Amino acid sequence: MNEYLQKALADALSRYELDRSSWPDIQIEKPRDPSHGDAATNLALMLAKPLQSNPRKIAEQLVEYLELDENLVSSVEIAGPGFINFRYSKDYLMKNLHHILQKGETFGSSDKNQGKRVLVEFVSANPTGPLTVGHGRNAVLGDTIARLLEWTGAEVDREYYFNNAGRQMRVLGQSVQARYLQLTGRDVPFPDGGYEGEYIRDIAKSLAVEFGDKLQDKEDISVFKERAEKEIFNDISATLNRMNIRMDSFFNEHDLYENSSIKEVIQALRKDDLVYDEDGATWFRTTKYGKDKDTVLIKSSGEPTYRLPDIAYHKNKLERGYDLCIDVFGADHIDTYPDVLNGVRALGYDAEKIDVLVYQFVTIVKDGKPYKMSTRKANFVTLDELMDEVGSDVTRFFFLMRSPSTHLEFDIAQAKEAGEKNPVFYLQYAHARIHSILRKVEDVAEFTGSPPLHLLEDESETDLIKNLLEFPEVIISAANSREPHRLINYLDSLAASFTTFYHDCRILGEDPKLMYARTALATATSRVLANGLSILGISTPESM
RNA sequence: GCGCCCGUAGCUCAAUUGGAUAGAGCGUCUGGCUUCGGACCAGAAGGUUUGGGGUUCGAGUCCCUACGGGCGUACCA
């Protein structure tokens, strides 16, 4: 419909003596206030300047030039400072409602990003402990963005990047070793800055059960490290599974060392004089890109900082032929990813294909006050604990509710007690209620032929239909802006719109034809709710 | 100090990316169940969009500035 209006306006516009290059963008939008119609354009306002004329006069002229099919658009009005408002015809609405019913569980999908190969990298937590509520936002955002993009036709891979080589992992191994020695009777101190969590003892215990005290004199900590990595990874995978997240691949940072990608990056950058040696370290000339300081890529110890493998990793992603690579990062990375992009660009790759989504941190509120978490100090709330309390539906919903760019306050107590009051139940309830009605309808009536949709005349009915029709556009905008909360806001208004209809119009006990038409409308609504919730990774119970 | 993000109703947050009278949920107050699921609905109160300037037909949204908060500012990740 938007395209149709745009084209009609463009045709009208072509009757002006105006250079095509100075044409403004023809924007069609849905007015905030429904009394302003179903669609509106500000074209006359935009033309005021180039035409040196009063916007209302321009609007009048435009409307005169405008040729619209009455079967699609029932009215055109000029309002306010010069907006042109359109109203959809009933025919148009009914035809599209029918279309929703036909498309069923694919309604809402589009080919907007057809043929695009996309890689979404998210979670990427190092395996040093269980996933916490702090990782939750990253995990759920990444997965839902992937789902949204799939609904717009893209081919999406989900990838988890992890580091099992660095200092953190060494500390992890030492922590397990210390617990193991303590368990087997040696009185050894726990390492400074070690991981204090209970899960470390569990891992040590499993080693003690398997090997007894045979590992006591091992100097090499790799046994401890590898066991810890394996067990923690299983744990992380299980948590992701519970949250409805399935990774397509796990990318191991260590591989970048083994296949010499890192060396190649350094060599290539050095050739362009973007890398130099000083004080025993190897530096990247980030001052060339407007930074205050150059950045160390290889420490004087010979060990790379994480930035170097990061550049190699992103180069690797682009080499794999993706058209778009999305990184989901917390706000703490905000200052570091430009280095990576500059590095990739300097290597001759198209950094435009990398899109970094930076979300603001989650503030955990526990017992009414902000709670500072640390994996190392073991004062954290794990995602598993949270899901034990509220389930995965509430967990996912909570993380998606807010725009990624604002701080998300996560009140543990509130989430736990949220129970019946939680907004996710409002959506599921609407869905369950529709199915309850549909079950009853099945008992009393049998419909044949296509539903007589023209009988839907009540305002709450047409409002609901209009609301349903927006679904595909909402998915596209949520996907392309990487903002899943838009879908939540939409579903919320859809559920509200259905409830208004439910209170105004009965289904059961009406004339069979009207009952059929309203049953069709209810079916379409439950379809859109179900499709929308499935994109969010949230279940759609038929009864609660 | 410098860089990035944020500041909207008592609280948590929206606002079609520059559009018309800034909206929801929670909380507060009033009303509504012998009829399809009351986990609901209708209504009320609550705002100088942190303050101040600017840009234009038009600003919560863009620019400058002050203040307040978060995150960075490592040869940590």
Side-chain angles (χ1 to χ4, degrees), chain A residues 27-33 35-36 40-42 44-46 48-49 54-56 79-83 85 124-126 128 163 166-169 253 278-283 290-293 295-307 309-310 330-336 338 358-361 363 365 401-403 405-411 414 418-423 425-426 428-430 432-441 444 470 473-474 477 481 483 485-486 488-490 492-493 495-496 499-500 502-510 515 518-519 522 543-544:
Chain A
Q27 300 172 18
I28 308 290
E29 57 190 23
K30 183 193 163 206
R32 221 196 296 264
D33 183 344
S35 74
H36 293 144
T41 182
N42 59 357
L45 297 167
M46 311 274 283
K49 191 164 260 180
N54 176 324
R56 274 200 81 107
F83 289 97
N85 297 334
S124 298
N126 287 341
T128 57
N163 168 342
R167 191 184 60 85
Q168 285 183 60
M169 293 304 289
E253 178 183 341
E278 195 173 288
D279 299 332
T282 304
W283 299 73
K291 286 239 169 176
D292 293 346
K293 281 183 244 171
T295 307
V296 171
L297 290 182
I298 301 176
K299 301 184 245 177
S300 49
S301 66
E303 216 175 356
T305 64
Y306 71 99
R307 251 169 255 232
D310 245 25
D332 52 343
H333 283 73
I334 203 151
D335 243 17
T336 76
V358 176
Y359 62 90
Q360 295 301 307
F361 272 139
T363 310
V365 175
M401 248 160 58
R402 314 263 109 110
S403 156
S405 66
T406 77
H407 294 270
L408 168 61
E409 183 164 302
F410 201 119
D411 188 325
Q414 190 189 327
E420 303 186 349
K421 288 177 187 169
N422 197 295
F425 290 111
Y426 183 72
Q428 292 180 324
Y429 181 70
R433 182 188 250 169
I434 293 170
H435 278 270
S436 165
I437 296 170
L438 295 181
R439 283 191 295 270
K440 293 202 165 100
V441 168
V444 299
E470 287 173 41
E473 275 301 317
V474 171
S477 85
S481 63
E483 293 186 342
H485 74 285
R486 294 186 191 203
I488 286 190
N489 291 342
Y490 165 76
D492 206 58
S493 80
T499 314
T500 304
Y502 170 83
H503 281 272
D504 289 357
C505 302
R506 285 191 60 80
I507 295 176
L508 246 46
E510 292 289 341
M515 179 160 46
R518 287 183 174 163
T519 299
S543 62
M544 296 170 71

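Labels below follow one simple rule: chain letters A, B, ... track the order of the sequence lines, proteins then strands, and each chain is numbered from 1. Predicted, not measured: the structure shown is a model, and the values here were computed from it.
Remark: B:A24 base-pairs with B:U12; criterion is Watson-Crick or G-U wobble with both hydrogen-bond distances under 3.5 Å. Nucleotide B:C33 is matched to nothing when pairs are restricted to Watson-Crick or G-U wobble geometry with both distances under 3.5 angstrom. Judged by Watson-Crick or G-U wobble contacts below 3.5 Å, the nucleotide B:G72 has B:C2 as its partner. Across every strand in view, B:C67 sits in a pair with B:G7 that passes the Watson-Crick or G-U test at under 3.5 angstrom. Across all strands shown, B:A59 forms no Watson-Crick or G-U wobble pair with both key distances under 3.5 Å. B:A39 makes up no base pair with any nucleotide shown, lacking Watson-Crick or G-U wobble contacts both under 3.5 Å.
Rounding to whole angstrom units, CE of residue A:M515 and C1' of B:C36 are separated by 11 Å. Rounded to an integer number of Å, the gap from A:I437 CD1 to B:G38 C1' is 14 Å. Separating the NE2 atom of A:H407 from the P atom of B:G68 is a distance of 16 Å, rounded to the nearest angstrom. The nearest whole Å value for the distance from the CG atom in A:L408 to the C1' atom in B:C6 is 14 Å. A straight line from CD1 of A:I434 to P of B:G37 spans 12 Å, rounded to a whole angstrom. Protein atom CG of A:L297 is 12 Å distant from nucleotide atom P of B:A77, rounded to whole Å. A:N85 places its CG atom 15 Å from the C1' atom of B:U16, with the value rounded to the nearest Å. At whole-Å resolution of the value, CZ in A:R402 and C1' in B:U8 are 13 Å apart.
Residue A:N54 is classed as having no contact, given no heavy-atom separation below 4.0 Å to the nucleic acid. Contact annotation for A:R167: backbone-only contact, meaning every heavy-atom pair under 4.0 Å involves sugar-phosphate atoms and none involves a base. The residue A:A281 sits close to a base: some heavy atom pair falls under 4.0 Å. Using a 4.0 Å heavy-atom cutoff across all strands shown, A:N42 reaches at least one base atom of the nucleic acid. Counting non-hydrogen atoms under 4.0 angstrom, A:E253 reaches nothing in the nucleic acid. Counting any heavy atom pair closer than 4.0 Å across all strands shown, A:M544 reaches a base atom. Looking at heavy-atom distances under 4.0 Å, A:T363 makes no contact with the nucleic acid at all. Using a 4.0 Å heavy-atom cutoff across all strands shown, A:A496 reaches no nucleic acid atom at all.
Of the side-chain N and O atoms in A:Y502, one or more sit less than 4.0 angstrom from OP1 or OP2 of B:G38. Phosphate contact (OP1/OP2 of B:G37, side-chain N/O of A:K440, threshold under 4.0 Å): present. A:H485 has a side-chain polar atom (N or O) that falls below the 4.0 Å cut-off from OP1 or OP2 of B:A15. Regarding contacts with the backbone of B:A14, a side-chain N or O of A:T406 is found under 4.0 angstrom from either OP1 or OP2. Between A:K49 and B:C57 there is a side-chain N or O to OP1 or OP2 distance below 4.0 Å. A:R433 has a side-chain polar atom (N or O) that falls below the 4.0 Å cut-off from OP1 or OP2 of B:G38. Between A:Y426 and B:C41 there is a side-chain polar atom (N or O) within less than 4.0 angstrom of OP1 or OP2. Checking the phosphate oxygens (OP1, OP2) of B:A74, no side-chain nitrogen or oxygen of A:K299 falls inside 4.0 Å.
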Generate the contact string for nucleotides 28-33 of chain B. Rules: B means base contact, S means sugar-phosphate contact only, - means no protein heavy atom under 4.0 Å. ------
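With both ends at atom C1', the span from B:U61 to B:A14 equals 13 Å, rounded to whole Å. Taking the C1' atoms as reference points, B:A9 lies 6 Å from B:G47, given to the whole Å. Here the separation of B:G43 from B:G7, taken at their P atoms, is 30 Å to the nearest Å. The same atom, P, is picked in B:A45 and in B:G23; the two are 14 Å apart, to the nearest Å. Across B:C67 and B:G51, the matching P atoms stand 16 Å from one another, rounded to whole Å. The separation of B:U55 from B:C75, taken at their P atoms, amounts to 45 Å, rounded to a whole angstrom. Here the separation of B:G1 from B:G46, taken at their P atoms, is 40 Å to the nearest Å. For B:C62 and B:U8, the P atoms lie 15 Å apart once the distance is rounded to whole Å.
Ranked by how close their nearest RNA chain B nucleotide is to the 5' end, A:N163 and A:S481 are led by A:S481. The nearest heavy atom of RNA chain B to A:D492 and to A:P31 marks one nucleotide each, and the one closer to the 5' end goes with A:P31.
Counting only distance, with no hydrogens or angles, the side chain of A:N163 and the backbone of A:E253 share no donor-acceptor pair below 3.5 Å.
To the nearest 0.5 Å, atoms NE2 (A:H485) and CG (A:D492) are separated by 12.5 Å. Taking CD1 of A:I507 as the start and CG of A:L438 as the end, the distance is 7.0 Å to the nearest 0.5 Å. Atom CG of A:L297 is separated from atom OG1 of A:T305 by 5.5 Å, given to the nearest 0.5 angstrom. Here the CD atom belonging to A:E409 is positioned 9.5 Å from the CZ atom belonging to A:R402, to the nearest 0.5 angstrom. Between the NE2 atom in A:H407 and the CD atom in A:Q360 there is a gap of 4.5 Å [rounded to 0.5 Å]. Annotation: the span from A:I434 atom CD1 to A:R439 atom CZ amounts to 11.5 Å, rounded to 0.5 Å.
Put simply, A:H36 rests on the base of B:A20: the two rings are less than 5.5 Å apart at their centres and nearly parallel, under 30°. Aromatic stacking of A:F83 on B:A20: satisfied, with centres closer than 5.5 Å and planes within an angle under 30 degrees.
Counting heavy atoms from C-beta on, the side chains of A:L508 and A:R506 come closer than 4.5 Å. With a 4.5 Å cut-off on side-chain heavy atoms, A:M46 and A:T41 do not count as touching.
One donor-acceptor pair, N or O on each side, does fall under 3.5 Å between the base of B:A77 and the side chain of A:Y306. Applying the 3.5 Å distance criterion, the base of B:C75 shares no donor-acceptor pair with the side chain of A:T305. One cannot find a donor-acceptor pair under 3.5 Å joining the base of B:G72 and the side-chain atoms of A:D332. Side chain A:D310 to base B:A77: no donor-acceptor pair is found below 3.5 Å.
When the shell of 6.0 Å around NZ of A:K30 is examined, it contains 12 or fewer heavy atoms from other residues, nucleotides or ligands.
The nucleotide whose nearest atom lies closest to any side-chain atom of A:Q168 is, among B:C40, B:G19, B:A77, B:A77. The side chain of A:K293 approaches B:U73 more closely than any other nucleotide in the set B:C75, B:A77, B:U73. Across B:G19, B:C4, B:U16, the shortest atom-to-atom separation from the side chain of A:R32 is found for B:U16. Comparing B:G37, B:G19, B:C4 against the side chain of A:E29 picks out B:G19 as the nearest.
Judged by distance alone, the side chains of A:D33 and A:S35 do bring a donor and an acceptor atom under 3.5 Å apart.
Of all the heavy atoms in A:A79 and A:R56, the pair that sits closest is C-NH1, 3.9 Å.
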